[in-house]
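Written below as structure tokens is the structure these notes are about.
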Amino acid sequence: MKIATYNVNGVNGRLPVLLRWLEESRPDIVCLQELKAPEERFPAAAIAAAGYDAIWHGQKSWNGVAILSRVGAPVETRRGLPGDPQDTHSRYIEAAVNGLLIGGLYLPNGNPRPGPKFDYKLAWFERLIAHAAELIDSGAPAILAGDFNVMPTERDVYKPERWLDDALFAPEVRAAYFRLLDQGWTDALRALHPDETIYTFWDYFRNAFVRDAGLRIDHLLLSPALADRLLAAEVDSHVRGWEKTSDHAPVWIELGEGKRRRAKRQPG
DNA sequence: ATGCCCTCTATTAGAGGA
């Protein structure tokens with residue numbers, strides 16, 4: 001089963017690119033971020049025509065997350081993280097899909113730092129950590145996928161020294177990311193490519209893609225029940241080179257079948 | 001220290017992104 005995450009940076013403006021990538025890549029499940037569309041302007045018909053059921057949490061102008069599936073309609077289990085009823089941003093959606101629990105998220109950018117936006121990022125991260133702990137405790141085969149707006153290590157940013165004070169690379173944000181991982185989550189891309197330079201985002205400015213001046217900020221995290229099923233994890237970097245493309249590239253993993261467990265072989 | 005580029009909203013500029 002192939003599961004992907006893609007920050008589309010405007011789902012309507014990006015629709016031709018999204019449909020082209022869906023047709024080429026044929027992921028089974030997709031988490032989208034930055035829809036930048038109100039609830040009623042999600043292009044559900046075009047996505048259905050491409051073979052995907054979808055649930056989404058839209059918002060005018062900003063944010064917005066969705067889960068697409070061509071292996072059975074997503075059954076929504078949550079929209080929005082618990083812990084702050086005043087939070088109006090559409091940044092989290094969760095569903096049961098084909099035997100998996102999928103949490104699609106768009107973690108706040110947090111710049112400038114310091115400031116209220118950075119405080120919101122840290123608070124949102126704490127709510128995510130609290131909810132993720134419940135997912136782990138449930139024992140469900142779960143995936144947290146999306147734009148985390150965090151480069152976890154120096155390997156994940158083209159020029160670490162320039163990003164030390166940025167909200168995407170600040171020590172307290174990276175520490176929060178590793179506190180999340182320490183619950184038992186596996187960073188799928190890093191687990192299969194421990195020493196590679198891998199980016200998922202390249203700025204529109206300064207010819208960043210051509211110079212490969214990128215960041216690794218889009219992540220797929222696997223709960224312990226899924227870690228053994230991880231077969232592949234890749235970035236569709238070439239999509240970043242398409243016309244009218246997002247500044248993020250799609251990221252995907254392949255999971256092997258895990259429903260049947262082989263009986264232990266008896267000696268003799 | 002700032003703009004660069006891009007999207008959205010809504011009128012030609014402002015906000016937000018990372």
Quote, to the nearest angstrom, the [atom1] distance that separates [N] from [M].
N: B/dT11; M: B/dT7; atom1: C1'; answer: 16 Å
N: B/dT2; M: B/dA13; atom1: P; answer: 22 Å
N: B/dT12; M: B/dA1; atom1: C1'; answer: 27 Å
N: B/dA15; M: B/dC4; atom1: P; answer: 15 Å
N: B/dG16; M: B/dA10; atom1: C1'; answer: 16 Å

Residue pairs passing the ring-ring contact (aromatic ring centres under 6.0 Å, His included) test with at least one member in residues 6-52 of chain A, sequence neighbours excluded, are A/Tyr6-A/Trp21, A/Phe42-A/Trp56

What pairs of residues pass the ring-ring contact (aromatic ring centres under 6.0 Å, His included) test when at least one of them lies in residues 79-106 of chain A, not counting sequence neighbours? A/His89-A/Tyr120, A/Tyr92-A/His131

Members of residues 164-177 of chain A that approach DNA chain B, where some heavy atom sits under 4.0 Å away: A/Leu168

Ring pair (Phe, Tyr, Trp, His ring centres under 6.0 Å) against A/His238, all qualifying residues, sequence neighbours excluded: A/Trp242

Can you check the [X] [atom1] to [N] [atom2] distance for me, whole Å?
X: A/Glu34; N: B/dG17; atom1: CD; atom2: C1'; value: 6 Å
X: A/Gln33; N: B/dG17; atom1: CD; atom2: P; value: 14 Å
X: A/Leu35; N: B/dG17; atom1: CG; atom2: C1'; value: 15 Å
X: A/Tyr120; N: B/dG16; atom1: OH; atom2: P; value: 13 Å
X: A/Trp163; N: B/dG17; atom1: CH2; atom2: P; value: 13 Å
X: A/Tyr106; N: B/dG17; atom1: OH; atom2: C1'; value: 6 Å

Residues joined to A/Trp62 in its hydrophobic cluster, side chain to side chain under 4.5 Å directly or through other members, sorted by chain and number, are none

For [X], all residues meeting side chain to side chain contact (heavy atoms under 4.5 Å, CB included), sequence neighbours excluded:
X: A/Arg79; value: A/Glu39, A/His57, A/Glu76, A/Ile93
X: A/Leu15; value: A/Leu18, A/Leu19, A/Pro43, A/Ala46
X: A/Ala232; value: A/Trp252, A/Glu254

Considering every strand and a 4.0 Å limit on heavy-atom distances, what is the contact class for [X]: base, sugar-phosphate, or nothing?
X: A/Asp147; value: sugar-phosphate
X: A/Asn7; value: sugar-phosphate
X: A/Asn149; value: sugar-phosphate
X: A/Phe148; value: nothing

Check this for me: does any side-chain nitrogen of one of A/Arg240 and A/Asp212 sit under 4.0 Å from a carboxylate oxygen of the other? no

Test: A/Arg179 and A/Glu126 ion pair at under 4.0 Å: yes

Could you list the residues that satisfy side chain to side chain donor-acceptor pair (under 3.5 Å) with A/Gln183, not counting sequence neighbours? A/Trp185

Going by side chain to side chain donor-acceptor pair (under 3.5 Å), name the residues that satisfy it together with A/Ser138, two or more places apart in sequence or in a different chain. none

Using every non-hydrogen atom in the two residues, find where A/His219 and A/Asp187 come nearest and quote the distance to one decimal. ND1-OD2, 4.3 Å

Protein N or O to nucleotides 3-7 of chain B N or O, pairs below 3.5 Å:
residue: B/dC4; atom: N3; partner: A/Arg206; partner atom: NH1; Å: 2.8
residue: B/dT7; atom: OP1; partner: A/Arg14; partner atom: NH1; Å: 3.2

Which pairs, protein N/O on one side and nucleotides 10-12 of chain B N/O on the other, fall under 3.5 Å?
residue: B/dA10; atom: OP1; partner: A/Lys60; partner atom: NZ; Å: 3.1

